[in-house]
Structure formats: structure tokens, C-alpha cells
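To start, the structure under review is shown below, and the notes come after it.
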Number of protein chains: 2
Amino acid sequence: MSSLNDVARRAGVSIATVSRVINKGSNVNEETRAKVLKAIKELKYQPSRVAKRLRSKSASSNLIGLLIPDIQNPFYVDVLRGVEDVAYENNYAIIMCNFAQDEKKEKMYLDILQQESIDGLIAAPAHEKDPNVIKLLNDGLPIVCVDRGLTGKDVDVVVVNNRDGAYVAVDHLIKSGYKRIAYISGQKQIPSSKYREMGYRDAIEDNGMQVDVELIKYGDSKHRSGVELCEELLAMANPPDAIFTGNNLITLGALETIHKRELRIPEEVAIVGFDDMMWSISLNPPLSAVRQPAYEIGKRACELLIQRISDPKRSPIQMTLNTKLILRKSC
Amino acid sequence: MSSLNDVARRAGVSIATVSRVINKGSNVNEETRAKVLKAIKELKYQPSRVAKRLRSKSASSNLIGLLIPDIQNPFYVDVLRGVEDVAYENNYAIIMCNFAQDEKKEKMYLDILQQESIDGLIAAPAHEKDPNVIKLLNDGLPIVCVDRGLTGKDVDVVVVNNRDGAYVAVDHLIKSGYKRIAYISGQKQIPSSKYREMGYRDAIEDNGMQVDVELIKYGDSKHRSGVELCEELLAMANPPDAIFTGNNLITLGALETIHKRELRIPEEVAIVGFDDMMWSISLNPPLSAVRQPAYEIGKRACELLIQRISDPKRSPIQMTLNTKLILRKSC
DNA sequence: TTGAAAGCGCTAACAT
DNA sequence: ATGTTAGCGCTTTCAA
């Protein structure tokens with residue numbers, strides 16, 4: 001890899017001049033520029049982003065971090081795509097870190113991100129008091145949170161109306177005649193789980209029914225826990241006639257259990273999930289689900305971050321997007 | 001962020017000494033070490049990976065790149081997890097680049113990776129002559145290819161036995177009595193598609209049947225193309241009685257079309273897909289599929305890369321893992 | 001319009 | 001055992 005120096009020597013100018021033509025410096029003679037451009041082409045010169053980043057804290061390093069709890073969840077894949085598209089358009093590269101719901105891993109990745117001098121971070125914190133993310137925030141790093149906020153912290157956030165999304169789904173279940181509706185929650189400590197539970201409870205109570213805490217199961221937002229908690233539910237003496245599942249992976253797990261028991265959906269047990277998937281229509285039966293605009297969450301978050309990087313004092317924005325209940329055959 | 005200098009001043013030693021204690025330098029007095037460690041803790045010092053990388057080309061920058069064609073494909077998500085786990089254990093950070101089957105994007109990402117002075121790259125090239133990846137290879141960057149190789153290039157590769165995987169699936173279809181078996185291929189130019197087609201053809205011929213080229217459709221390895229090509233197939237005057245789909249996303253797309261036409265699987269049309277998914281069992285009907293050890297592909301690739309980084313002259317290895325036909329209800 | 005030179009934070013000789 | 005110093009490749013004054 002050739003350096004600025006090599007180019008300068010070949011073009012017979014100083015490195016300062018080369019730097020100017022590269023960075024669209026205004027004051028440079030046309031002839032000189034041509035010479036430099038030629039040398040650059042001949043040497044296939046590629047600027048070192050590393051040196052650039054080291055040198056100018058002020059100038060943008062064009063690098064942002066993306067911190068995600070679980071890349072196996074298609075929801076985050078879509079968020080990632082949204083982030084990526086905007087980053088690409090704005091010439092940012094992204095370092096993606098999947099901490100797999102492991103706070104130790106999260107800390108390590110966040111350290112690395114800081115050590116890499118990223119310009120900003122898009123993060124779905126482990127929970128609403130996540131000390132690792134809060135630390136970076138306090139250090140002054142531009143951050144925008146997705147899917148979940150940080151309680152008591154003034155930070156840009158892009159979320160979905162979780163409470164309403166859950167409410168609409170459960171309300172629909174009730175209006176359709178289901179009486180014992182269970183909720184399989186993701187990790188209890190993450191805000192989205194709480195809001196979804198809130199919507200679930202409100203819908204039940206607003207319909208003059210009673211919440212039965214036996215029907216609420218808490219898991220870890222993963223496939224395995226969908227399988228197991230659904231099994232617990234179906235093994236009850238008085239099992240639910242409908243299940244509202246807290247996310248993608250839980251839904252898939254629950255479906256697996258229901259099929260294993262050879263129960264008919266929705267006749268014997270109905271199911272509505274939070275999170276829609278591209279292939280929900282090909283599930284057995286086609287799944288009814290609360291769709292989150294995941295791609296858009298990522299897109300908006302990245303736009304917000306880029307704004308914040310260029311204007312660190314702009315006051316934080318909380319953006320709430322809406323969900324939509326997609327009815328198919330599972331309820 | 002405090003620097004080596006800050007720590008040195010606070011501890012009352014030189015930066016060299018600080019550097020020594022950080023890098024487990026052998027020659028350092030216990031008392032001094034303690035002082036330095038104390039200063040580090042007090043200042044919450046974090047070394048700059050950027051400066052480190054700039055300084056020592058020789059020393060490891062602990063950064064590897066991962067180039068992936070389509071993160072929406074769960075197969076690559078699993079590969080990613082395998083890579084990540086090994087990288088994590090070995091203290092490497094990874095920059096993940098999803099080029100979304102867009103060669104322009106691929107080039108941009110590869111440029112960035114080079115500009116970031118990565119130690120090595122794990123790549124699933126766009127096709128077997130991918131000039132962007134070949135360029136880096138020629139520049140001497142340690143590379144290991146996954147899922148597809150680079151024809152004529154001596155490079156580490158981790159692949160699956162695509163031809164045999166396809167053969168076993170199609171052979172099973174034939175032995176089960178299906179007569180007109182279609183193949184919906186992913187992008188024609190990628191090696192895995194070719195090998196799968198080869199297995200498909202061989203199985204048909206070895207069973208004394210004739211390959212009907214009308215039944216082979218080429219797409220772009222995405223969901224959409226599964227939907228459309230399956231539609232073309234089913235709209236034929238003499239439609240297939242079974243379909244072998246070239247990957248994950250195509251399978252899901254084909255399933256969507258079959259359901260839209262309300263055809264019964266496998267009675268009216270059977271289907272076997274390449275790539276199994278965690279939730280294949282919850283599809284309608286539970287999907288039969290050729291399982292690839294995706295996580296292991298990623299794991300092995302990363303191990304190979306780390307070896308190669310430390311020993312760049314070791315001669316290239318081609319690793320071929322086996323697939324397994326998982327029979328459920330779709331054929 | 002161009003060049004010289006300082007310095008970003010670090011490692012690795014080389015000196016002491 | 002510890003310190004001094006020369007860069008890595010770049011941006012950015014300041015001078016010419």
C-alpha cells in the first residue's frame with residue numbers, strides 16, 4: 001500500500017499538496033492537481049482511514065458502531081439493513097457488534113468501539129439501565145438508542161409503540177371470543193417487554209376481564225424459551241385458548257411446541273405474535289402478527305445519528321413509530 | 001479519552017514503561033507496575049486501537065473483515081455467528097460488510113476494509129472470478145473464502161459438498177415416486193448454484209430419467225425470485241410434481257406461491273429446499289431440507305484465517321463439510 | 001499556490 | 001529496569 005509520501009514524491013510535490021487535492025482543497029493549481037491525480041492513479045493509492053482517524057479527532061472518521069442484542073432475530077437484521085443503507089449513502093462504514101444477550105460480551109464490544117474512535121453509536125441496550133451504554137453516553141459519544149431507551153437519560157431514541165401494538169392484538173383476540181389469553185414475554189427487564197405486557201393487561205381489563213398472572217410467562221426472548229414456556233402453558237390443568245407471543249423467536253418456538261402436541265391452530269389454541277416476518281405467510285397456519293417497521297427504525301436511527309454527529313448539541317428526539325396488526329389465519 | 005502520555009505523567013514514569021506494563025512487558029519493577037496500574041485505573045485509560053494499528057503493521061491489529069452477500073439469508077447469519085464466536089475467543093474484532101449482492105457496494109466495502117488495515121478477511125465472493133476479492137488476495141491480504149471459492153486461485157476455502165447435498169435430495173424425491181422434478185436455482189454464476197444443479201442433473205440421469213431444461217429456473221437467490229419462478233413453474237401446461245429449491249430464501253418464496261395457489265403439499269406438489277432453518281418444523285408443512293452446517297463453516301473459516309494471519313505461507317486448505325438431508329413432511 | 005513541520009497515540013529499537 | 005526517540009500516514013497551521 002502506497003502512502004501520501006509515495007504519491008507526493010512521484011508527483012514531485014509536497015504531501016500537503018497531495019492532501020489538498022484529495023480533500024477537495026480549494027487552492028490548488030489545475031496542472032498540479034492533474035499531476036497528483038495521475039500519480040494517485042498510477043500508484044493505486046488508497047488513503048489510510050486509520051491515520052486519518054488518528055490525526056483528526058475533529059474531522060469525521062466515518063465510522064459508526066451498531067450494537068445489537070441478537071442477530072438471530074430477523075427483527076434486528078432488518079434494523080441493520082436500514083442503518084446500513086443510510087450509512088452507505090452518507091459514506092459511513094459500520095462496525096456491527098452482536099452481543100448475543102451477554103453483558104460481558106457487550107462490554108467488550110463497547111470497549112473496542114471506543115478504542116476504534118467511532119464517531120457515533122446506534123445501540124439497542126441490554127436493558128434500560130445498561131451501564132455500558134450509559135458510560136459511553138456520559139463520555140460524550142453521540143448515541144441513538146433503538147427498540148429501547150435508557151431511563152432517565154436524555155438521548156435520541158427510535159422505538160415503536162409497543163403498548164398499543166400489544167393492546168390491539170390482544171383486544172382483537174378478545175373480540176374474537178378467546179377467553180384465556182396467555183402472554184409469553186421476552187426478557188422482563190427490557191422496556192419493550194414491559195410495554196407489551198402493559199398493552200396486554202390493559203386490553204384484558206378494558207374488556208372487563210381479569211388478568212390471570214398464571215398466564216404470563218417470562219423468558220429470555222429466544223427460540224428455546226418460546227418452546228419451553230409454551231409447553232408450560234399447554235401443560236396447565238386449565239390451559240389458555242390463545243397465546244400472545246412477545247417476539248419473533250418466541251413465536252416460532254411456541255409454534256413448534258403447539259405442532260409437537262398436534263393441536264389445531266386456531267381451533268384449539270390461537271396465536272398472535274409480536275413481529276412480522278417476510279415468510280409469516282408460509283407458516284402453519286399463516287401467522288397473524290403485529291408488524292414493526294424494523295427497516296425504518298434502523299433508517300431513522302441512522303439519520304438521527306448522523307445529524308447528532310454534526311450537531312452534538314441538538315436536543316434529543318424521541319421518535320415513536322407505529323405498529324400494524326396483520327391478520328392471517330392463526331387467530 | 002486519556003492517552004499513554006496522561007498515564008505516564010500521572011504515574012511519574014515514561015510512556016515506554018506504561019507501554020511495557022500494558023503489553024505484559026517482562027522487564028518492569030513490581031512497584032512501578034503497581035503505580036502504573038493505579039494511574040490507568042484512575043484515568044480509566046483505554047488504549048487507542050487506531051494508534052496501535054497505525055504504528056505497527058507487523059503487530060496484529062486484531063481486526064478482521066467479514067464480507068457477506070446477503071444478511072437477510074439466515075444461512076449467513078449462522079456463518080456470522082460461527083465467525084464471531086471464534087473471533088471473540090481470540091480477541092479479534094470484526095467489521096461485517098453486507099454487500100447485498102451489489103458489486104459496487106462490495107467494492108466500496110472492500111476498499112474500506114483495506115483502508116482500515118484489517119489483518120485478514122473472510123469472504124463469500126460475489127462469484128468465482130470476483131475481481132474485488134482477487135485484488136486483495138493479490139495484495140497479500142490473508143483471506144479465507146466461505147461458501148464459494150475463487151477459480152484458479154490458491155486460497156483457503158470452506159465449503160459444503162453442494163453437489164452431493166443436492167444429489168441426495170433429488171434422489172430421494174425420485175425414489176419417492178416424483179416424476180417431474182424442477183430446480184429453482186440461485187444466481188447462475190455462483191459456484192454453489194452450479195454444483196447443486198450438477199447434483200440435481202446427476203441424480204435424475206443416474207435414475208435413468210431425462211433432464212428437462214424447462215424445469216430448471218435461474219433466479220437471484222432471493223425471496224422474490226422464489227415467488228416468481230415458482231409461479232412460472234406452476235403455470236406451465238405440464239407443471240412439476242416436485243420442486244427442489246436452491247436456497248433458504250427461494251424455498252420460502254416458493255412456499256408462498258404454492259400456498260397462494262392453494263395447492264396441497266406434498267400431494268399436489270412436493271418441495272425440498274437447500275438450507276435448513278431453525279423453524280423449518282413450523283412451516284406448512286414441516287419442511288424437508290438439506291442442512292448445511294452453517295455455524296461450523298463460519299467457525300472453521302475463522303480458525304483457518306487466524307492460523308493464516310500468524311503463518312502467511314502455510315499452504316492453502318480446502319475444507320469440505322457435509323450436508324444432511326432432513327426429512328419432514330414436504331416430500 | 002505551495003511547502004515545512006508539528007503532532008495524533010502508540011511501539012520498538014536503542015541508550016542509559 | 002527505565003527513558004529517549006524515531007516514526008506509522010495523515011491533517012493542519014504557519015510561512016514563504
Side-chain angles (χ1 to χ4, degrees), chain A residues 1-37 39-40 43-63 111-119 139, chain B residues 1-37 39-40 43-63 111-119 139:
Chain A
M1 287 279 304
S2 43
S3 73
L4 254 201
N5 229 310
D6 301 327
V7 177
R9 208 171 321 131
R10 179 153 197 134
V13 298
S14 76
I15 59 167
T17 301
V18 178
S19 178
R20 276 186 204 102
V21 350
I22 288 173
N23 301 301
K24 308 179 182 300
S26 32
N27 295 331
V28 45
N29 185 296
E30 268 317 312
E31 269 176 54
T32 317
R33 179 190 307 278
K35 269 194 305 190
V36 172
L37 255 18
I40 288 179
L43 293 172
K44 294 183 189 167
Y45 169 74
Q46 295 252 47
S48 159
R49 291 172 60 97
V50 179
K52 190 168 185 167
R53 224 159 51 255
L54 178 59
R55 177 53 229 239
S56 50
K57 224 21 160 226
S58 56
S60 164
S61 67
N62 285 303
L63 226 208
D111 281 349
I112 288 180
L113 255 16
Q114 195 166 27
Q115 292 161 11
E116 286 288 351
S117 308
I118 55 173
D119 291 326
D139 283 358
Chain B
M1 288 280 302
S2 43
S3 72
L4 253 200
N5 228 309
D6 301 326
V7 177
R9 209 172 320 131
R10 178 154 197 133
V13 299
S14 76
I15 59 167
T17 302
V18 178
S19 178
R20 275 187 203 101
V21 352
I22 289 173
N23 301 302
K24 311 181 179 298
S26 33
N27 294 332
V28 44
N29 184 296
E30 268 319 312
E31 271 176 52
T32 318
R33 180 192 305 280
K35 269 195 305 189
V36 172
L37 256 17
I40 288 179
L43 293 172
K44 294 183 188 165
Y45 169 73
Q46 296 255 47
S48 159
R49 290 172 62 96
V50 179
K52 191 167 185 166
R53 210 143 77 247
L54 178 59
R55 177 52 231 238
S56 48
K57 236 357 171 244
S58 55
S60 164
S61 67
N62 285 302
L63 228 206
D111 281 348
I112 288 180
L113 255 17
Q114 194 166 30
Q115 291 162 12
E116 287 288 351
S117 308
I118 55 171
D119 291 328
D139 284 359

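Chain identifiers are assigned alphabetically (A, B, ...) following the order of the sequence lines, protein sequences preceding nucleic acid strands; residue numbering begins at 1 within each chain.
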Report the distance from atom CD1 of B:Ile22 to atom C1' of C:dG9, rounded to the nearest whole Å.
11 Å

Whole angstrom is fine here: how far is it from CG in B:Leu43 over to P in C:dG9?
13 Å

Which nucleotide, D:dC10, C:dC10, C:dT2, lies nearest any side-chain atom of A:Asn27?
C:dT2

Starting at atom CD1 of B:Ile15, determine the distance to atom P of D:dG7, rounded to an integer number of angstrom.
15 Å

Exercise: identify the closest heavy-atom pair between B:Glu116 and B:Arg53
O-NE, 2.8 Å

A:Arg53 has an atom CZ; how far is it from atom C1' of D:dC8, in whole Å?
15 Å

Could you pull out the closest heavy-atom pair between A:Val13 and A:Val18, with the gap in Å?
CG2-CG2, 3.7 Å

Counting heavy atoms from C-beta on, name the nucleotide in C:dC10, C:dG9, C:dT2 closest to the side chain of A:Leu54.
C:dG9

B:Asp6 CG to C:dG9 P, in whole Å, measures 8 Å

Counting only side-chain heavy atoms from C-beta out, which of C:dG9, D:dT12, D:dT2 sits nearest to A:Ser19?
D:dT12

Among C:dT2, D:dG9, C:dC10, which nucleotide sits nearest the side chain of A:Val28?
C:dT2

Whole angstroms only, please: what is the CD-C1' distance between A:Glu116 and C:dC10?
14 Å

Expressed as a whole number of angstroms, how long is the span from B:Asn5:CG to C:dT11:P?
13 Å

For A:Thr17 and C:dG3, is the shortest distance between a side-chain N/O and OP1 or OP2 below 4.0 Å?
yes

What is the separation between atom CG on B:Leu4 and atom P on C:dT11, rounded to the nearest whole Å?
6 Å

Can you give me the closest heavy-atom contact between A:Asn5 and A:Ile15, atom names plus distance?
CA-CG2, 3.8 Å

Would you say D:dC10 has OP1 or OP2 under 4.0 Å from some side-chain N or O of A:Ser48?
no

Is the shortest side-chain heavy-atom distance between A:Leu63 and A:Arg49 below 4.5 Å?
yes

On DNA chain D, compare the nucleotides closest to B:Thr32 and A:Ala16; which residue's is nearer the 5' end?
B:Thr32

Taking atom types as they are modelled, would you say the side chain of A:Arg20 forms a donor-acceptor pair with the base of C:dG3 within the 3.5 Å cutoff?
yes

Take A:Ile40 and A:Ile22 through the side chain to side chain contact (heavy atoms under 4.5 Å, CB included) test and state the conclusion after the steps.
CA-CA 9 Å; A:Ile40 288 179; A:Ile22 288 173; 3.9 Å; yes

So B:Val13, base contact, sugar-phosphate only, or nothing? Heavy-atom distance under 4.0 Å.
sugar-phosphate

Nearest to the side chain of B:Ser14, heavy atoms from C-beta on, is which of D:dC10, D:dG3, C:dT1?
D:dG3

Classify the side chain of B:Arg55 and the base of D:dG7 as holding, or not holding, a donor-acceptor pair under 3.5 Å.
yes

Does a side-chain N or O of A:Asn23 approach OP1 or OP2 of D:dT11 to a distance below 4.0 Å, or not?
yes

